[in-house]
Each structure stands twice: as C-alpha cells, then as structure tokens.
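Have a look at the structure below before the remarks.
Proteins come first, then strands; the chains are lettered A, B, ... in the order of their sequence lines, and each starts at number 1.
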Protein chains: 2
Amino acid sequence: MNQPKTDPRIQRTRKLIMDSFMELSGKKEFKDITITDIAAEAMINRATFYYHFEDIYDLLEKVLSEVLLVNLDCSNYQHKELNEEVITSIFVAITNFQQSLSNRCHRGYEDTIARNIREQLEIIFYKMLLKPHPTEEDEGLKITAVILSWGIYGASVEWKRKSNEITPEEFIQLALPHLLPRDNGV
Amino acid sequence: MNQPKTDPRIQRTRKLIMDSFMELSGKKEFKDITITDIAAEAMINRATFYYHFEDIYDLLEKVLSEVLLVNLDCSNYQHKELNEEVITSIFVAITNFQQSLSNRCHRGYEDTIARNIREQLEIIFYKMLLKPHPTEEDEGLKITAVILSWGIYGASVEWKRKSNEITPEEFIQLALPHLLPRDNGV
DNA sequence: ATCAAGGTGTTGCATAAGCGACAAAATCCA
DNA sequence: TGGATTTTGTCGCTTATGCAACACCTTGAT
C-alpha cells in the first residue's frame, strides 16, 4: 500500500540525473557520455551520482525501464494477464518508444538500447505469465518469457522496415492468431 | 576576486524557488501566492524556503533585483559613472523589464513591483554617484539618488502611456539635456 | 462568539548532497 | 612502447535539505 515514501531529495536528484542523461543523449553518442558530463549537466556532484546508480549502464537501464513503463501505461498490464489485447498494446508502446528515442539519440546507441528493451520485456512477460500461475516458479515460464521478449522485440525491428506501409497494430495482429491459437484460458 | 564559492545546492535551490515564484506569478496575484505554494512548486520543503529568504517580500525583492540586474547587463554601469549614455541604458532596461513582467503577472502586483524597482534604482544610482566621490559619504548624494530613482521610475510610467508614439530611447533623451546641463566632469 | 482549517515562522534531529583527496583504470598521443 | 591526461569508484567530513511538531495568527463558516 504505502511504501516508505522516498525522500523528495532523492526523487529530485534522480530526475535531474535522468533528464540530463536524456538531454546529453541528443548531443553525443552513448559511448562518449561520461559520468562527469552528466554530473555537470545535472548540476550535482559526481559523487552523488554513485549514491543513486551503480554506473552509467545502471543509469541507462533505469532510464529505459522507467520511460518504457510510462509508455506502457501500467494499468494496461499490471492487472491483466497475457492476451492478444495486452500484447498489442505492448507492441505499440515499444514501437512508439523506439521512434521517439531514435529521434533523440545518435547512432551507436541502438544496440545498447535494444538489449535493454528486450530485457525489460522479458521481465514484464514473466510477471504476466506468472499471474495465472501464482504459486509455481516454473522454469518453463521463464523460457517462454525469453522467447516472447525476443520475438516481440524482433517484430518491432521488422516493423520499422515497413513502417510506411502498415501500422503497428495491424502488423502485430497479423501474427497473433498464429501465436495464441488456444483459448485465453490455460 | 574569488568569493568563497557558494555551495551548488544553494544556487540550485535558490534558482528553483525564484523560478517557481515567477511561474506562479503568471497564474495568481501576488497576494494569493503563499510560501506553501512556492515550496510545492519548487519541490522543496517549506522550511528550506526560510533557510534562503526572510519571507515572501524578501523573495520578491531579490527576484526583482536579480532580474533587473541581468537586464541592466552589469558591465554597463559597474565600471562607468553616471552620464547620459548610462541613464539611457538604464531607462531602456527598466521599460523592457516592466513590459516583460506585465505580460507575465496579474493585476494587483504592480504597486509592489514598482516600489521595489524604485528602491533598486536608488541603490544603483547611489553607487554610481559614489564613483567619482569614493571617499565622502555625502548625504547629498543619497538624496540625489532618491530623486533620480523616483524621477526615472516616474518617467517609465509616463512613457507607458505614449509607448506607441515614441521609443524609450527617444523619450528619455528629450529630457536628458535638461537634467544634466553641466559638463560630464564634477 | 466559537470552532475548524490553513498559512506562518521556528526548532531539533535524521539524511542526502557537496567537497577534496585518493588509487586504480581507461584513454590519448607522441 | 611509454608517459601524460582523463575518467572512475570510493572514502571521511562538512553542510544543506527534509521532516515532524509546535505556537501563533488569520480567515471563514456556523
């Protein structure tokens, strides 16, 4: 219910760091962004960065997951289980996300982003697969999440090449009947 | 030369507070702006406000002087003494300042702003009058500063009524020959 | 008149943020 | 290759900020 209320200074500083990172991402490639840069842009001390993040990859991961989660509009998947409607909305979210990011970022960045998006998808799918099976810690569910995450992410890459011919919704729904042939029950 | 380098947290927080105040000024009248409002908007604790400012009038004063100083482009008056060119640039600066502020602020605000602008002008004029007379703490110079500040401020009020007929530069320069009839020396 | 609600300043204590310094690693460049 | 420069993590100590609580004051409704 009420988690212990994170200190407002923490919220503010984390936001400053994340915003600065996204701002810098528009000017430099990822490999050229240093923690010193970020601290200067965010007007915080470099040591403070390490108070909030392990390193720059940790920051990247958290920025991606946070922005992605916002795009996914939590209510859509937190309360439901995995079905056609949810997959469609997730697919639309990540294609939107990638497009908004590719406007904002330089080249050399995409691979890192791609890996992180897929990892986030894997986490999300696993949680949703777990919904109807709350008790069992099935290895099979983990593997399924891996496959789905790779599959959906790959689909988004493929869709980009045809983005002027077809909408994300149409695109993913061409495949859904083949992916989820069974009833929505178990 | 190098003053003791104010803590970056102080700079950041003061900026947050001042920006929030200007932001709120665009939405509410001055009398309706509370310190609680400002703290919320600035995402700082209310107690922190009192760490930086006496009260809301202290804040107003410092916002005005700071913005006004920026408009005056310090180099213009810090190194020179009072002459026609300087008075003209000051006059232009405060008319610009007032116009940009009247766009931003609601009614009921102007009197407070006016009083503060005049007080700032008085300080500035006194400093400049002191330049050629660095030693003497003349009461006469203080009174002169009072008169000039009221005069220049009143001129800016008067100019507003004719702002579509004449530029600030032209307006003030109509009066300058009568104000400063003597040579620019003592 | 009375009460409730909200804003104001202030305080003591807990904690995040700044600073300087440091060694280690990475990067640059001659 | 080597040496210089920059970046990275990390550390103790200081300082600014958050928080809860308080008394006091205004405002407005009953």
Side-chain angles (χ1 to χ4, degrees), chain A residues 1-25 27-63 66 106-109 111-112 116, chain B residues 1-63 66 106 108-109 111-112 116:
Chain A
M1 291 300 163
N2 49 354
Q3 56 254 29
K5 270 184 187 174
T6 72
D7 191 312
R9 288 171 286 183
I10 292 184
Q11 302 180 42
R12 197 196 313 135
T13 301
R14 287 175 61 99
K15 178 163 165 37
L16 281 173
I17 292 175
M18 289 188 170
D19 287 350
S20 302
F21 176 68
M22 293 182 65
E23 176 68 22
L24 286 175
S25 296
K27 303 177 186 169
K28 296 183 180 189
E29 301 186 22
F30 176 73
K31 69 176 174 52
D32 293 331
I33 298 177
T34 71
I35 292 172
T36 306
D37 289 338
I38 296 170
E41 172 84 21
M43 295 196 300
I44 55 126
N45 192 275
R46 193 168 55 83
T48 304
F49 176 92
Y50 295 101
Y51 187 90
H52 298 276
F53 303 96
E54 282 283 328
D55 51 30
I56 202 170
Y57 300 99
D58 183 35
L59 169 61
L60 172 63
E61 186 178 319
K62 283 171 180 161
V63 167
E66 191 147 308
H106 270 89
R107 288 138 299 287
Y109 207 115
D111 287 350
T112 318
N116 278 276
Chain B
M1 288 300 164
N2 49 354
Q3 56 254 29
K5 271 183 185 174
T6 73
D7 191 312
R9 287 172 288 183
I10 293 185
Q11 302 180 41
R12 197 198 312 135
T13 300
R14 288 176 61 99
K15 179 163 165 38
L16 281 173
I17 292 175
M18 290 188 170
D19 287 350
S20 302
F21 176 69
M22 295 181 63
E23 176 68 22
L24 287 175
S25 297
K27 302 177 184 167
K28 295 182 179 188
E29 301 186 22
F30 176 73
K31 68 175 175 52
D32 293 331
I33 297 177
T34 72
I35 292 173
T36 306
D37 288 338
I38 296 171
E41 172 84 21
M43 293 195 303
I44 55 128
N45 192 275
R46 194 169 55 84
T48 305
F49 176 93
Y50 294 99
Y51 187 89
H52 297 276
F53 303 97
E54 282 284 327
D55 51 30
I56 201 170
Y57 300 99
D58 183 36
L59 170 61
L60 173 62
E61 186 178 319
K62 282 171 179 161
V63 167
E66 191 147 308
H106 271 87
Y109 207 115
D111 289 349
T112 318
N116 278 276

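Side-chain nitrogen and oxygen atoms of B:Asn45 include at least one within less than 4.0 Å of the OP1 or OP2 phosphate oxygen of D:dC19. For D:dG18, the OP1/OP2 oxygens have a side-chain nitrogen or oxygen of A:Arg12 closer than 4.0 Å.
In this structure the side chain of A:Arg12 reaches within 4.5 angstrom of the side chain of B:Arg12, judged on heavy atoms. Within the 4.5 Å cutoff, the side chain of A:Leu59 has heavy atoms near those of the A:Phe49 side chain. Residues A:Glu41 and A:Lys27 meet the side-chain proximity criterion, which asks for heavy atoms closer than 4.5 Å. Taking 4.5 Å as the limit, some side-chain heavy atom of A:Arg14 sits within range of a side-chain heavy atom of A:Lys62.
Mapping heavy-atom proximity under 4.0 Å, the span of DNA chain C touched by chain A runs 5' to 3' from C:dT15 to C:dA21.
Test A:Ile56, A:Asp55, A:Leu60 against A:Asp58 for side-chain contact (heavy atoms from CB on, under 4.5 Å) and you get one pass: A:Asp55.
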Exercise. Could you run down nucleotides 7-16 of chain D 5' to 3' and tag each one B, S or - for protein heavy-atom contact under 4.0 Å?
Worked result: SBBBB---BB

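Direction of the helix axis in the helix from C:dA1-D:dT30 to C:dA30-D:dT1 shifts by 50° between the two five-pair termini, rounded to 10°.
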For this session: Start with the C-alpha gap between A:Val63 and A:Met22, add the side-chain angles, then the distance that decides, and say whether side-chain contact (heavy atoms from CB on, under 4.5 Å) holds.
Result: CA-CA 8 Å; A:Val63 167; A:Met22 293 182 65; 4.0 Å; yes

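A:Thr48 approaches A:His52 most closely through the heavy-atom pair O-CD2, 3.2 Å. The shortest non-hydrogen separation linking A:Asp32 to A:Asp37 is O-OD2, 3.6 Å.
Atom CD of B:Gln11 has more than 12 heavy atoms from other residues, nucleotides or ligands within 6.0 Å.
Atom CG of A:Asn45 is separated from atom OH of A:Tyr50 by 11.0 Å, given to the nearest 0.5 angstrom.
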